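Okay, so here's the structure we're looking at.
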2 protein chains.
Amino acid sequence: MQKVLRLLTIEKLIAGEKISSQEILLKKLRGAGIKCTQATLSRDLRQLGVSRIPDGEGSYMYSLTGTGRSQHERGSTVNMLSVVSEIVEAKGLMVIRTIPGHANATAYFIDNSRRYEIAGTIAGDDTILVIPRNGISLKQVHTCLELIIPGLHNQIRNGSPETRAV
Amino acid sequence: MQKVLRLLTIEKLIAGEKISSQEILLKKLRGAGIKCTQATLSRDLRQLGVSRIPDGEGSYMYSLTGTGRSQHERGSTVNMLSVVSEIVEAKGLMVIRTIPGHANATAYFIDNSRRYEIAGTIAGDDTILVIPRNGISLKQVHTCLELIIPGLHNQIRNGSPETRAV
DNA sequence: GCACTTTCTGCATATTTATACAATTTTTTT
DNA sequence: AAAAAAATTGTATAAATATGCAGAAAGTGC
């Protein structure tokens, strides 16, 4: 339980500010009342799919844009739920909005479900484009997403639950 | 001039296969007739915006998905072939799946071909959306992609309804 | 409760990556 | 072409990150 909180806090911290090393992240965590060692952090970051990327200004920063496959394992759907803010249909496609910086992790989570209905997803910073396969209605995709992230529909206020095929 | 060649080769190598450390990259480079030290590589990777990301299987790999989009030319098609895992048609669009972290490099390659048939591409982490021009059929796009990346069709089990993700 | 299994974590350390500095090469200016 | 300035590189090393291992904690079933 302590671990889940730590992972969430790490994500939040990384999404919120430039953090250039695990040592610094360690201090921020400590400031948030969470204490662990650099070794644990290294493992957490791998699990979250977080990577250290050049920030374009001669230094480095951590980023969530990696391949966070582990999101898929074990009940982190709660986690997913909390970052999705809106679902919109457009042009036979589905657009999912998340809180900033979380599109990739969420998209990867969806990809990883390997549902037939979904041809693929593309994620930016806070937007995911879900591309259904031919012959799949948006309603089917909705159902499918609900399977992947249970509780999704209830979570969303602004989405359009009544969908129709294209 | 030696450096430019080295940067290009690094991009090509990283786009084409999983490389997990600078030491390994160093050896590959040496195999390609380019010789330098790890220190130089570290600097090159920063300049290219390359980052080391968790590969989702407990290890790490280098990826071009970082900030620094270096405008260099095309990778080798051989390498491109090895990262594409699936092609699916959907909603009049084409979705190409790659191994994680390689969508950008592949998309860039496709963009660079400047084929008329393709209006543009959008790439996430492991998914590329290929948008055909108006009036262009998916079959034409297929042919076009085959021209850009010869051997593509043979490589891929196309997204027919019976296809399963691997 | 207890035994058993699995997951998690810190410690110490190995591995990997980044950088200060000096030397060299390339480019620019005169 | 020489001088000056800027960029590139290797060496050695610092800094940062990953991991084997053993113990701790958390979960499972009885």
Side-chain angles (χ1 to χ4, degrees), chain A residues 1-11 13-14 18-30 32-76 78-79, chain B residues 1-11 13-14 17-30 32-68 70 72 101:
Chain A
M1 280 312 122
Q2 176 61 16
K3 184 180 177 184
V4 174
L5 175 62
R6 192 178 63 237
L7 293 182
L8 281 169
T9 309
I10 289 171
E11 281 191 332
L13 284 171
I14 287 174
K18 272 198 187 184
I19 292 178
S20 62
S21 77
Q22 294 178 8
E23 289 297 332
I24 289 175
L25 181 52
L26 209 55
K27 282 177 191 162
K28 302 266 182 195
L29 277 176
R30 204 156 287 155
I34 294 175
K35 140 167 80 163
C36 66
T37 61
Q38 175 269 325
T40 297
L41 226 50
S42 172
R43 295 180 186 113
D44 286 353
L45 292 175
R46 175 168 64 193
Q47 188 172 350
L48 288 170
V50 166
S51 60
R52 192 167 181 249
I53 69 177
D55 69 353
E57 283 146 5
S59 189
Y60 296 83
M61 64 184 284
Y62 279 96
S63 160
L64 290 166
T65 58
T67 67
R69 185 179 295 254
S70 68
Q71 299 284 2
H72 191 230
E73 298 154 9
R74 288 170 314 137
S76 50
V78 179
N79 191 344
Chain B
M1 28 189 58
Q2 175 62 14
K3 185 181 177 183
V4 173
L5 175 62
R6 193 180 62 237
L7 292 183
L8 280 171
T9 310
I10 289 171
E11 282 191 331
L13 284 171
I14 287 174
E17 52 186 311
K18 274 198 186 185
I19 292 178
S20 62
S21 77
Q22 294 178 8
E23 289 298 333
I24 289 176
L25 181 52
L26 209 55
K27 282 177 191 161
K28 302 265 181 194
L29 278 175
R30 203 155 289 155
I34 294 175
K35 137 167 81 164
C36 67
T37 61
Q38 175 270 324
T40 298
L41 226 48
S42 173
R43 296 181 184 111
D44 286 353
L45 292 176
R46 175 167 64 193
Q47 188 172 348
L48 289 170
V50 166
S51 59
R52 192 166 181 248
I53 68 177
D55 69 354
E57 282 144 9
S59 189
Y60 296 83
M61 63 184 285
Y62 280 96
S63 162
L64 291 165
T65 57
T67 51
S70 116
H72 290 131

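The chains referred to below are lettered A, B, ... by the order of the sequence lines, with proteins before strands, and numbering in each begins at 1. No experiment lies behind these values; they were computed from the predicted model shown.
Within the structure, every side-chain polar atom (N or O) of A:Q38 is placed at least 4.0 Å from both OP1 and OP2 of C:dT9. Contact annotation: A:Y62 side-chain N/O to D:dT17 OP1/OP2 distance is under 4.0 Å. One finds a side-chain N or O of A:S42 lying less than 4.0 angstrom from the OP1 or OP2 phosphate oxygen of D:dA18. At the phosphate of D:dG10, OP1 or OP2 sits under 4.0 Å from a side-chain N or O atom of B:T40. OP1 or OP2 of C:dT9 lies within a sub-4.0 Å distance of a side-chain N or O belonging to A:R6.
The distance between atom CG of B:L25 and atom P of C:dT16, rounded to the nearest whole Å, is 13 Å. Distance A:L48 CG to D:dA18 C1': 16 Å, rounded to the nearest Å. As rounded to whole Å, 16 Å separates atom C1' of D:dT11 from atom CG of B:L41. In this structure, B:Q22 atom CD and C:dT19 atom C1' are separated by 12 Å, rounded to whole Å. We find that CD of A:E23 is positioned 14 Å from C1' of C:dG10, with the value rounded to whole Å. The CG atom of A:L45 sits 15 Å away from the P atom of D:dA16 (whole-angstrom rounding). Atom pair A:R46:CZ and C:dT9:P shows a separation of 14 Å (rounding to whole Å applied). Rounding to whole angstrom units, NZ of residue A:K3 and P of C:dT6 are separated by 16 Å.
Here CZ of B:R52 is found 12.5 Å from OG of B:S63. Values are rounded to the nearest 0.5 Å. Note that CD of B:Q38 is 5.0 Å distant from CD of B:Q22, once rounded to the nearest 0.5 Å.
Residues B:L41 and B:L29 are in side-chain contact: their nearest non-hydrogen atoms beyond the backbone lie under 4.5 Å apart.
Within 6.0 Å of NZ in A:K35 there are 12 or fewer heavy atoms belonging to other residues, nucleotides or ligands.
Comparing D:dA18, C:dT17, D:dT11 by their nearest atom to the side chain of B:S21 picks out C:dT17. Taking the side chain of A:R52 as heavy atoms from C-beta on, and the options D:dA12, D:dT17, D:dA18, the nearest nucleotide is D:dT17. Each of D:dT8, C:dA20, C:dC11 was ranked by its minimum atom distance to the side chain of A:R43; first place goes to C:dC11.
Nearest-nucleotide positions on DNA chain D for B:Y60 and B:K35 put B:K35 closer to the 5' end. With the nearest nucleotide of DNA chain D identified for both B:A39 and A:S20, B:A39 has the one nearer the 5' end.
Shortest non-hydrogen contact noted between B:S20 and B:Y60 is CB-O, 3.1 Å. Contact record, B:L45 with B:Y62: CD1-CE2, 3.7 Å, taken as the closest heavy-atom pair.
If one axis is set at each end of the helix from C:dG1-D:dC30 to C:dT30-D:dA1 from five pairs, those axes are 50° apart, to 10°.
For the side chain to side chain contact (heavy atoms under 4.5 Å, CB included) with B:L25, the lone residue among B:V50, B:I10, B:D44 that qualifies is B:I10.
The closest side-chain donor-acceptor pair between B:K3 and B:Q47 falls under 3.5 angstrom.
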